[in-house]
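Small disclaimer: the values here were computed from a predicted structure and weren't measured.
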Amino acid sequence: MPHLDVNDTTLYYEDEGTGPALLFLHGWGTSGRTWGAQLPDFTPDHRVVTVDWRGCGRSARPVRGNTTAEVVTDLVALIGALQLDRPVVIGSSIGGVFATELGLRRPELIGGVISVGAPGYWPTTEAQAELVADLRRDRAGTCAGWVPTWYAPGTSPALIDWTIRQILDSGVYIDEHQATAGGYDPRPALPGLQVPIHYLHGELDLIPVEVPRTCAALTPGAGVTVITGSGHMPHQECPDAFNSALRAALAHLAPTARATA
């Protein structure tokens with residue numbers, strides 16, 4: 001199993017295919033396995049890397065370093081160690097935050113960002129503090145009540161249960177991301193983003209579509225694609241529609257990425 005020691009932790013990753021590089025980042029508490037419906041479509045013509053970021057999946061669960069800044073530092077080291085050539089970084093939920101921050105902090109390393117259902121900012125912040133308290137009090141019960149709201153009505157219960165199991169298997173220290181999420185707001189920095197970005201967002205996402213639209217309006221050249229009938233996890237809920245939207249977004253980013261290289 002491929003593991004990489006970086007930044008005082010150990011990350012699990014998978015690296016398959018050849019062609020332009022794609023780096024997929026999962027959301028809070030899950031793992032690179034959430035991209036299973038994308039791998040068969042994209043490995044034939046791309047180099048596809050998935051990584052379980054610190055605290056999740058098959059990676060280490062360190063007590064310290066569970067912050068956006070440290071995860072971005074991990075990703076910088078991963079890109080260097082694997083010699084990825086300006087990958088497009090596709091991030092789901094908080095993975096989209098990591099991808100955006102990587103573009104803001106180290107634009108020379110990546111070719112673009114595709115943000116999937118990401119909380120570009122939180123319209124309200126009260127729920128985040130309450131969520132962290134609930135997780136500490138009853139982790140299993142809180143996840144069982146909260147995770148179904150990520151998905152559109154009619155989603156397979158098996159998919160929801162699998163997501164809950166992944167979260168419960170991840171380390172408790174990743175709750176630090178939830179504790180600080182309410183204060184995250186990239187909007188002041190987005191006008192200066194030096195890599196192209198496109199937002200893919202489920203029509204029924206619990207994060208309102210106004211969030212990516214507001215972020216895109218602040219960012220030169222940014223676009224938004226709304227995936228009909230999907231919730232917060234369109235790559236799992238509507239994989240065919242998502243994969244088509246992702247290919248279109250990659251094609252849209254490519255000319256801009258070449259111009260900024």
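Applying the 6.0 Å contact sphere to CZ of R139 captures more than 12 heavy atoms from other residues, nucleotides or ligands. Within 6.0 Å of atom CZ in R105, more than 12 heavy atoms from other residues, nucleotides or ligands are found, so the atom counts as buried in its surroundings. The environment of E203 atom CD is dense: over 12 non-hydrogen atoms of other residues, nucleotides or ligands sit within 6.0 angstrom. The 12-atom threshold is not exceeded at CZ of R64, counting heavy atoms of other residues, nucleotides or ligands nearer than 6.0 Å. No more than 12 heavy-atom neighbours from other residues, nucleotides or ligands sit within 6.0 angstrom of CD on Q83. Atom OH of Y184 is surrounded by more than 12 heavy atoms from other residues, nucleotides or ligands within 6.0 Å.
The pair R54-D74 meets the salt-bridge criterion, since a charged nitrogen lies less than 4.0 angstrom from a carboxylate oxygen. With salt bridges taken as basic N to acidic carboxylate O contacts below 4.0 Å, none links R58 and D169.
Between A37 and P239 the shortest heavy-atom distance is CB-CB, 3.6 Å. A pairwise comparison of heavy atoms in I167 and W28 identifies CG2-CZ3, 3.6 Å as the closest pair. Taking all atoms of both residues into account, the shortest heavy-atom contact from L200 to A249 is CD2-CB, 4.4 Å. The shortest heavy-atom contact between Q178 and W146 is NE2-CH2, 3.7 Å. Q194 approaches P107 most closely through the heavy-atom pair CB-CB, 4.0 Å. Heavy atoms only, all atoms of each residue included: A241 and I227 are closest at CB-CG2, 4.3 Å.
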Self-check item: Working for side chain to side chain contact (heavy atoms under 4.5 Å, CB included), residues Q38 and V48
Solution: CA-CA 10 Å; Q38 283 63 62; V48 176; over 6 Å; no

Quiz item: Taking it one step at a time, do E176 and T67 satisfy side chain to side chain contact (heavy atoms under 4.5 Å, CB included)?
Solution: CA-CA 7 Å; E176 186 171 350; T67 66; 3.3 Å; yes

Quiz item: Given the rule in the side chain to side chain contact (heavy atoms under 4.5 Å, CB included) test, do Y121 and V97 qualify, once you have shown the distances and angles that lead to the verdict?
Solution: CA-CA 9 Å; Y121 61 92; V97 171; over 6 Å; no

Quiz item: Going through the checks in order, is the side chain to side chain contact (heavy atoms under 4.5 Å, CB included) test met by L78 and L23?
Solution: CA-CA 10 Å; L78 178 81; L23 174 58; 4.0 Å; yes

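Rounding to the nearest 0.5 Å places CG of D41 at 8.5 Å from OG1 of T43. The line from CZ of F42 to CH2 of W35 is 10.0 Å long, rounded to the nearest 0.5 Å. Here the CG atom belonging to L102 is positioned 4.5 Å from the CD1 atom belonging to I110, to the nearest 0.5 angstrom. Atom OG of S230 sits about 9.0 Å away from atom NE2 of H235, to the nearest 0.5 Å. From N243, atom CG reaches atom CG of L39 across 9.5 Å, with rounding to the nearest 0.5 Å. The CG atom of L159 lies 5.0 Å from the CD atom of Q236; values are rounded to the nearest 0.5 Å.
Both V195 and L104 belong to a single network of hydrophobic side chains, linked directly or stepwise wherever heavy atoms of I, L, V, M, F, W or Y lie under 4.5 Å apart. Hydrophobic clustering places V209 together with I197 (ILVMFWY residues linked when any side-chain heavy atoms are closer than 4.5 Å, directly or through intermediates). Criterion: ILVMFWY side-chain heavy atoms under 4.5 Å apart, direct or through other members. Under it, I174 and V63 are not part of a common hydrophobic cluster. Note: the hydrophobic cluster containing I160 also contains L131 (ILVMFWY, side chain heavy atoms under 4.5 Å, direct or indirect links). L218 and V224 fall within a single hydrophobic cluster, where Ile, Leu, Val, Met, Phe, Trp and Tyr are joined by side-chain heavy atoms under 4.5 Å apart, directly or via other members.
Without hydrogens or angle criteria, H201 side chain to I207 main chain gives a donor-acceptor distance under 3.5 Å. In this structure, S59 contributes its side chain and Y12 its backbone to a donor-acceptor pair below 3.5 Å. Between the N66 side chain and the P62 main chain, a donor and an acceptor come within less than 3.5 Å of each other. The main-chain N or O of A152 is found under 3.5 Å from a side-chain atom of T155 such that the two form a donor-acceptor pair. A donor-acceptor contact shorter than 3.5 Å is absent between the side chain of H232 and the backbone of S92. Without hydrogens or angle criteria, S170 side chain to G29 main chain gives a donor-acceptor distance under 3.5 Å. The backbone N or O of D134 lies less than 3.5 Å from a partner atom in the side chain of T142, making a donor-acceptor pair. A donor-acceptor pair under 3.5 Å is formed between the side chain of Q166 and the backbone N or O of S31. The backbone N or O of H26 sits less than 3.5 Å from a side-chain atom of W53, completing a donor-acceptor pair.
Here the side chains of F242 and P234 are in contact, with some heavy-atom distance below 4.5 Å. Taking 4.5 Å as the limit, some side-chain heavy atom of L135 sits within range of a side-chain heavy atom of C143. Side-chain contact between L246 and V116 is absent, with no heavy atoms from C-beta onward closer than 4.5 Å. Looking only at side-chain heavy atoms (C-beta outward), H252 and T225 stay at 4.5 Å or farther from each other. Side-chain contact between R213 and V226 is present, with heavy atoms from C-beta onward closer than 4.5 Å.
Side chains of Y151 and T163: a donor-acceptor N/O pair is present below 3.5 angstrom, by distance only.
In this structure, F98 has its ring center under 6.0 Å from that of H177.
Remark: of the listed residues L25, L82, L4, L25 is the sole one forming a side chain to side chain contact (heavy atoms under 4.5 Å, CB included) with V51.
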